[in-house]
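Reviewing the structure listed below.
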Amino acid sequence: MCPMKCQIKKTVSLNRLPVRQLLLLKQVGRLADEQGMSVYLVGGVVRDLLLKRENWDLDLTVEGDGIAFAKLVADRHGSGLAVFERFATARLTFKNGLKMDIAMTRRESYAQPALLPTVQPASIKEDLSRRDFTINAVAVQLNQREFGRLLDPNGGQRDLQARTIRVLHAGSFQDDPTRIFRAIRFEQRFGFRLERATLRLLAQAASTNLVQRLSGPRLQNEILLLLAEQDPARAIARLEQLKLLRFLHSRLRYTNKVKRTVTAVSKSLAWWVSRFPDSAIDRPIVYLMALSSESSPAVVATMIRRLTLSREQAKRVSFGGGRADRVLKRLTDKGTVRRSQIFRLLEDFSDEVHVLLFAKQVSRKQKVGLSLLKRRLTAYMKNRTTKTVLTGRDLQAMGLQPGPQYKTILGKLLDARIDGRVTTEAAERAFVRKWLG
Ligand code: ATP
């Protein structure tokens with residue numbers, strides 16, 4: 001229910017938007033006037049305007065031919081245009097970098113649950129009623145005379161103020177099970193709660209095998225978006241609570257140890273980013289690795305296939321298990337380990353894996369091991385840029401026949417550089433000669 005202070009607005013001020021966006025929306029509104037069309041800003045951006053949160057995704061919808069209108073806007077502004085016929089949507093990219101999605105207001109029908117719907121033109125009211133949750137089923141008109149008029153036929157404002165996620169009809173999760181994950185995403189992001197009937201419907205949908213019918217890319221998209229949120233550890237716990245992790249794999253093990261590793265990822269990421277700001281980390285993948293870190297390689301492999309992860313992502317995720325523990329054991333060994341040995345231990349792994357290793361160590365709460373690991377990771381990152389002066393060509397000039405031994409010799413030379421045993425070109429040459437001799 002709406003709390004006492006609940007105030008239902010009829011207009012929304014768009015002045016919170018950066019001035020470039022605001023100007024553009026006004027121009028688009030006037031262009032729609034010229035065409036006798038109605039145009040609206042719609043969905044998440046309107047929700048976030050009402051919540052006073054930043055969101056500059058310009059999602060527009062027009063009553064009428066959305067693609068033709070998008071082409072017109074693109075012509076007027078000389079912007080780039082990509083048209084997605086299948087979905088009757090278009091994306092504009094403006095010279096100043098702004099992006100805008102334009103769709104036609106539509107009705108959707110689901111021939112089969114969990115498959116993509118077919119779309120037909122419809123009024124803005126119908127368009128809003130096919131959306132996922134009341135808080136996202138809001139629009140603001142952009143035509144000049146109605147600029148800022150709020151359309152909220154499903155009580156979106158009421159639910160925003162009551163901090164509630166509510167579906168628009170009982171068959172919503174069945175039509176589109178991605179909404180199950182979307183519900184959790186918004187619940188966690190805003191600290192809202194699922195309205196009682198919505199929670200019941202979600203639990204009902206989750207207890208069936210509907211999610212299994214989702215294609216790999218659609219499930220992947222939802223999971224990675226959830227893991228890209230501010231606090232994925234909480235989102236993962238919520239997935240577990242609602243028995244949704246089984247859709248990644250029925251034998252995915254969410255043990256206390258996994259929980260601790262997942263929770264430690266944020267600390268690990270914070271340290272990593274502060275220490276190595278230039279390394280771009282795929283955060284969702286680190287969380288997925290942490291989540292599957294106690295599952296068997298066979299389970300992880302099946303999960304990777306289910307999510308149709310890219311080859312690169314798959315390589316990272318499959319590292320999470322026993323191998324990570326073995327590498328970590330050596331990395332936190334208090335005995336002397338040469339810098340080159342650490343380098344060789346880590347060089348094949350991505351930075352995501354390094355962040356996971358650090359998270360695992362954080363979760364163990366062993367101070368000594370952690371500071372040792374910090375030092376070793378830092379040294380490794382420094383050594384990554386170390387190069388030998390000599391190259392294959394130099395080896396050839398020194399009379400060595402080209403062949404696989406080049407790789408071995410240059411590798412040994414690099415190790416010697418990293419360990420500080422050679423520091424000059426002359427020393428490198430002497431090292432090669434000695435090694436050959
Ligand atoms: P975010 O803030 O994470 O970008 P968003 O609400 O903007 O979230 P988008 O995925 O960009 O979400 O979608 C834009 C709008 O399209 C949503 O606000 C909602 O109105 C509608 N929408 C998106 N996905 C669905 C869905 N699966 N079912 C129904 N409506 C949807």
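Computed from a predicted model, the values in this text were never measured in an experiment. Positions are given from 1, in the same order as the sequence printed here. Basis for what follows: all heavy atoms, side chains included, without hydrogens, waters or symmetry-related copies. Start at 1 and go down the list; that is how both ligands and their atoms are numbered.
- Those atoms of ligand 1 with a heavy atom of Asn136 less than 4.0 angstrom away are 6 (O), 18 (O), 19 (C), 20 (O).
- What sits closest to atom 3 (O) of ligand 1 on the protein, heavy atoms only, is Arg189 NH2, 2.6 Å.
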I'd like to know whether Gln313 forms a side-chain hydrogen bond (donor to acceptor under 3.5 Å, both in side chains) with Arg316, so could you lay out the CA-CA distance, the side-chain angles of the two residues, the decisive distance to 0.1 Å, and finally the verdict.
CA-CA 5 Å; Gln313 290 170 322; Arg316 290 172 189 173; over 6 Å; no
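- Judged by the shortest distance from any of its heavy atoms, Phe186 lies inside the 4.0 Å radius around the atoms of ligand 1.
- Remark: ligand 1 and Asp48 share no N or O pair separated by less than 3.5 Å (distance only, no angle test).
- From the protein, the heavy atom lying nearest to atom 14 (C) of ligand 1 is Asp59 OD2, 3.7 Å.
- Of the N or O atoms in Arg182, one or more lie within a sub-3.5 Å distance of an N or O in ligand 1.
- Taking the six-membered ring for Trp and the full ring otherwise, the centers of Phe358 and Trp271 sit less than 6.0 Å from each other.
- Atom 28 (N) of ligand 1 has its closest protein heavy atom at Arg179 NE, 2.9 Å.
- What sits closest to atom 27 (N) of ligand 1 on the protein, heavy atoms only, is Asp176 OD2, 2.8 Å.
- The proximity of Asp132 to ligand 1, defined as any non-hydrogen pair under 4.0 Å, involves the side chain as well as the backbone.
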Steps toward side-chain hydrogen bond (donor to acceptor under 3.5 Å, both in side chains) verdict (Asp351, Ser279)
CA-CA 7 Å; Asp351 287 352; Ser279 137; 3.1 Å; yes
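- At under 3.5 Å, a nitrogen or oxygen of Gly44, whether backbone or side chain, sits near a nitrogen or oxygen of ligand 1.
- With a 6.0 Å cutoff to the six-membered ring centre and a 45° limit on the axis angle, Lys26 counts as a cation-pi contact of Phe147.
- Listed by number with element, the atoms of ligand 1 under 4.0 angstrom from any heavy atom of Gly43 are 18 (O), 20 (O).
- Ring pair Phe186/Phe190 is parallel by interplanar angle, where below 30° counts as parallel and above 60° as perpendicular.
- In terms of protein heavy atoms, atom 6 (O) of ligand 1 is closest to Arg47 NH1, 2.8 Å.
- When hydrogens are left out, the protein atom nearest atom 15 (C) of ligand 1 is Arg131 NH1, 3.7 Å; that is the closest non-hydrogen contact.
- The pair Arg76-Glu34 meets the salt-bridge criterion, since a charged nitrogen lies less than 4.0 angstrom from a carboxylate oxygen.
- Under a 4.0 Å N-O distance rule, the pair Arg218/Asp176 qualifies as a salt bridge.
- Other residues, nucleotides and ligands place more than 12 heavy atoms under 6.0 Å from the CD atom of Gln241.
- Nearest protein heavy-atom contact of atom 4 (O) of ligand 1 is Asp57 OD2, 3.9 Å.
- Formation of a donor-acceptor pair under 3.5 Å by the Gln220 side chain with backbone atoms of Thr308 is found in this model.
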